[in-house]
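Sequence lines set the chain letters: A, B, ... in the order given, protein chains first and strands last, and positions in each chain run from 1.
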Amino acid sequence: MRELILFSPEIFMALTLGGIILSEVGYYGERSRLITATALLGLGGAFVQILLIYGLGPATAMSKVISVDGLSLFFKLLAVVLGGLSIICANASSEIGQDRRAETYALIIAGCLALSVVAGAADILLAFLALQCLNLICFGLVAFARRSSSSVEASIKHMISSAVAAGLLLFGFVILFAHTKTLNIYEMHTVLISSPLPPHAALVSLALIFLSLCFQMGAFPMHLWMPDVLQGAPTPIAGFVAVAVRLAGLAVAIRFFVVLFAQAKLSPGQWMVMGSVDWPQMMAIVSGLTMSVGALLAFRQHSAKRLLASLFVSETGFFLMGLLVLDQMGMAALLYNVGVQVFAWTGAFYVVGFLYDQLKSDHLTDLSGIMSRAAPECIFLLLCLVCIAGLPPFPGFLGQFALVGAAIRHDWYALAIVAILSRALIAIATARIGFSLVGNVTQQLAEEAMGTLPAPVAVSPGRRVFLFALLMPMVLIGVFAEVLLDWAGKSLHFILW
Amino acid sequence: MTKHLITLMVFLPVLGAILQALIPKAASRWGFSLSSWVTLGASLASSICGFILVLGMRPQADLQAIESIPWVGSFAISYEMGVDGLNALLVLLIVIIFPLLIASEWNQRLGAKGMHGLLLMLQASLAGAVCAQDLFLLFFLWSLSSIPFYFLIGIWGGPERESAAFRTLVSTAVGGALLFTAMILVYYSVDPNTFSLRELAQGQLGTKTFNFFGRQISSSNVAFVLIGVGLALRAPIWPFHGWFIQAAKQAPASVFVALSAVTVPVALYIFIRVTYSLFPSTVLTSSTTIVTVGLINLIVGGICAITQKSLKSLMAYICVGQIGLALVGVGSLNAAGVVGAVFQSLLLGLGLASFGMFTGVMISRVGKAEFLDEESRPSFGGLALRAPWLAAVAAVATASLLGLPGIGGFVGNALILIGSYSVHPAALLLAGLATLLATYYLFMMYRHVFLGRMGEGVSSFSDISVWERSYLFPIVLALLIFGIYPKPWLELVRPTVLTLLSTIK
């Protein structure tokens, strides 16, 4: 019974999923609005259950396959929040047909479910399966704008690169399993301590796993799918796919690296189990390359979605910096950032999707001057970008400081310099979007005088409320940064050993 | 109430900016003026808080009106604000200039709400940066103050505004990155890690080193260089002044006033505050460098200013030169020089602001700022007869920038020159030479614009209106007050400066 309670958010999500599928069959016309309500209520229920499970303390369930600890609960909360926000975004978008909303919600909730399982997986096989399940759902979601060839193309690209990544991950896991004869990562850890892997096997295994996780997180050299897929996918879906896939990758990376390859205590920079291979060095290179490549790519983009995707890649590099130092502070900073960015990215993709609905394009030149027609939305997009770029006054700034600080604490000065330079580049790249949103004001004024200025976008109170609701957590996280940092730190305490 | 004057001063403009977003779109005439009045009200209310704060200060070395609230405990970041002799005059500068700037943009037709909101954000962030006593908070507000400029130049600027805005953004972003590095370096060099300037000031950094690719490097030297270059990118220190000149040509006059008359003195203040208190030994060893950079700036600014044909670029080079003079004072490391530099940063701001607003009036009248045409013939000429009041305002602004006795600029100039003598007589000589240059180019400008034969196309030139007087006269008045009776202000500055200097030597 206790195990069922520990697993109840997932069960609840599965029930919601079933309910949506059933109601899609049963409801039609006006009543199909109930489907949205069902989906949101289901996720809300799961959210409450996750909060309640916090009280039950760290535990394992299902014969130690699932671990219910601070880390997994943190990611589950984010998954549920992301799912809820994505459903609202998808509901507002006209890129997804009215008759296909229910399917979208079902897929999004299934994605959240998969993400929750990934976050709690303490078993390499379960982690692999749940990751692939999430990727599979994402292929479907990406291809959702069925009539658009770019959407299908994006989906196929995603599928191919994901298949490669899955293969790599499986090979890496197989080597570990062959040596340790166990699937549970905690047992694996004890075996690895008593009889370490031979250096070459360790190198191959960790390289394969790391490359695969790079795909999942969108890190160099496996980042190339990101701009293509995010551009092709329907915009509200793009936000969900990007954030969810990376959350899954980070969850696995944190748990596996901390448990498998680090010492039993979170003491800084200790990667002793894998012996002769200099992992931090390699990860530092990957991290530095990811952030600079993303920032440089962002300079060259002409499509708002692709630009966002490049910024997204660059941000992954920063997250890797928190993972690399492998100490309490670095990873707390990582989790803090992940938490902040769920809101910022959802908001950014939502507004870009909204603009796409208005203009049928996300090309920067087409966006020119849209600020005069939809000022609140554009200002909100700029605020999200400011948060993403790590500029004051948003919490992204503090998050950036915490990550760079963590690197400096462990004497990664060169990496910190690369990080700061890429941040400066990102700030400049971000400003390009801001500029095209504002457009040529003098010309607009002339058009206004002549009466040829397009009419402003219709005001919708619901949209404003949603934007405000997204902005609030961003502001509050900044003001009460201490609380979230503390909570993120605590989440790490309870990684079960 | 009096305990939270700084917070009120910083957050009232933010409130005003938020209200700009909430007040319905400027459709009716009524809505238009409402949002403008809200802007002015918020700015004035903040200014009143600032005035009460500064006028209520006692001339002592310690921080006053301290407010301290822990913000992010795990990184020892706190919301810590306070004023002392070093920043009191800067507070005064900000609270005088911003309401007047907003008044000068009163009739802005193009997105007035946006411009007013951005100006309010600037006021808040700069006032906050001046009062912040926590390194993180200081950097936070300082980099926040760079964002509005991008939009202010990029939207309301001249024909090449986009490239000007872009260059401004690039230089501020790079400068911000350097400061950020320095900040983190300082934070992790001390034990226990702290951002509080008061705790850092107790010589904590000392001889700390860090390991960079196997070499031990002194933290304070690196941080000093990073902070110096990072601030030089925002204050137009040669050779980083290219963007500033372009911004001057493209930005609207009022925005350029904020960019030069306020931001530059604040950058200078941050330099004094952070380096004097954090790296006293590095400052001592590099004082000659500071003076040299200042002198180069002074000469470069002076020589370039001679060839300018536009009021805007002339003002930019005056700023480049004047900041050099202030740097000479900073590097002199004696009481006269440093007090002079602090006082000069206030008067430089006021002088540039009055000059910039005068430029704005000219542009609004004749649509251009070029006082000489392509072949160096005066384009206006003889305006003094048409617009005596404007001529008087411009005369005071020019005289203050020159440092004529009786008007603000004189006191600062004289103190800096006295201070510079102790460094090297050559410094005094060069500074004096630069002042001569300034006399030449400013008087030539004045002659071309106001004196001589009346030019073509200025026959319909009207004198300044009542509304324009309302924002030009207060600043002229301030220049005169500070020039005729500087004693209380100097006494406010002196104790803090003496305390700081005593830690250096």
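Using a 4.5 Å cut-off between heavy atoms, A/V483 makes no contact with chain B at all. Only the side chain of B/F151 has a heavy atom closer than 4.5 Å to any heavy atom of chain A. For a residue to count as touching a neighbouring chain, one of its non-hydrogen atoms must lie under 4.5 Å from one of that chain's; by this rule A/L425 does not touch chain B. For chain B, the nearby parts of A/I428 are the backbone and the side chain; heavy atoms of each come within less than 4.5 Å. Both the backbone and the side chain of A/A414 come within contact range of chain B, with heavy atoms under 4.5 Å apart.
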Solution key, residues 126-141 of chain B side-chain donor-acceptor pairs under 3.5 Å, sequence neighbours excluded:
unit_1 : atom_1 : unit_2 : atom_2 : d
B/Q133 : NE2    : B/G82  : O      : 3.2
B/Q133 : NE2    : B/C131 : O      : 3.4
B/D134 : OD1    : B/F136 : N      : 3.0
B/D134 : OD1    : B/L137 : N      : 3.2
B/D134 : OD2    : B/S78  : N      : 3.2
B/D134 : OD2    : B/S78  : OG     : 3.4

Which atom pairs, donor and acceptor, lie under 3.5 Å between side-chain atoms of residues 381-404 of chain A and protein residues at least two apart or in another chain?
none

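Nearest heavy-atom pair across B/V72 and A/A481 is CG2-CB, 3.8 Å. Minimum interatomic distance between A/I408 and B/Y188 (heavy atoms only, all atoms of both residues): CG2-CD1, 4.0 Å.
By the neighbour-count criterion of 12 heavy atoms within 6.0 Å, atom CZ of A/F468 is sparsely surrounded, having that number or fewer from other residues, nucleotides or ligands.
We find the CG-CG distance between B/L178 and A/L421 to be 8.0 Å, quoted to the nearest 0.5 Å. Note that the OH atom of A/Y413 and the OG1 atom of B/T181 stand 12.0 Å from one another [nearest 0.5 Å].
Between chain A and the residues B/S146, B/P70, B/G176, B/G154, the largest count of heavy-atom pairs under 4.5 Å involves B/G154. When each of A/P376, A/A424, A/A332, A/G405 is checked for heavy-atom pairs under 4.5 Å with chain B, A/G405 comes out on top.
Between the side chain of B/Y150 and the backbone N or O of A/A431 there is at least one donor-acceptor pair closer than 3.5 Å.
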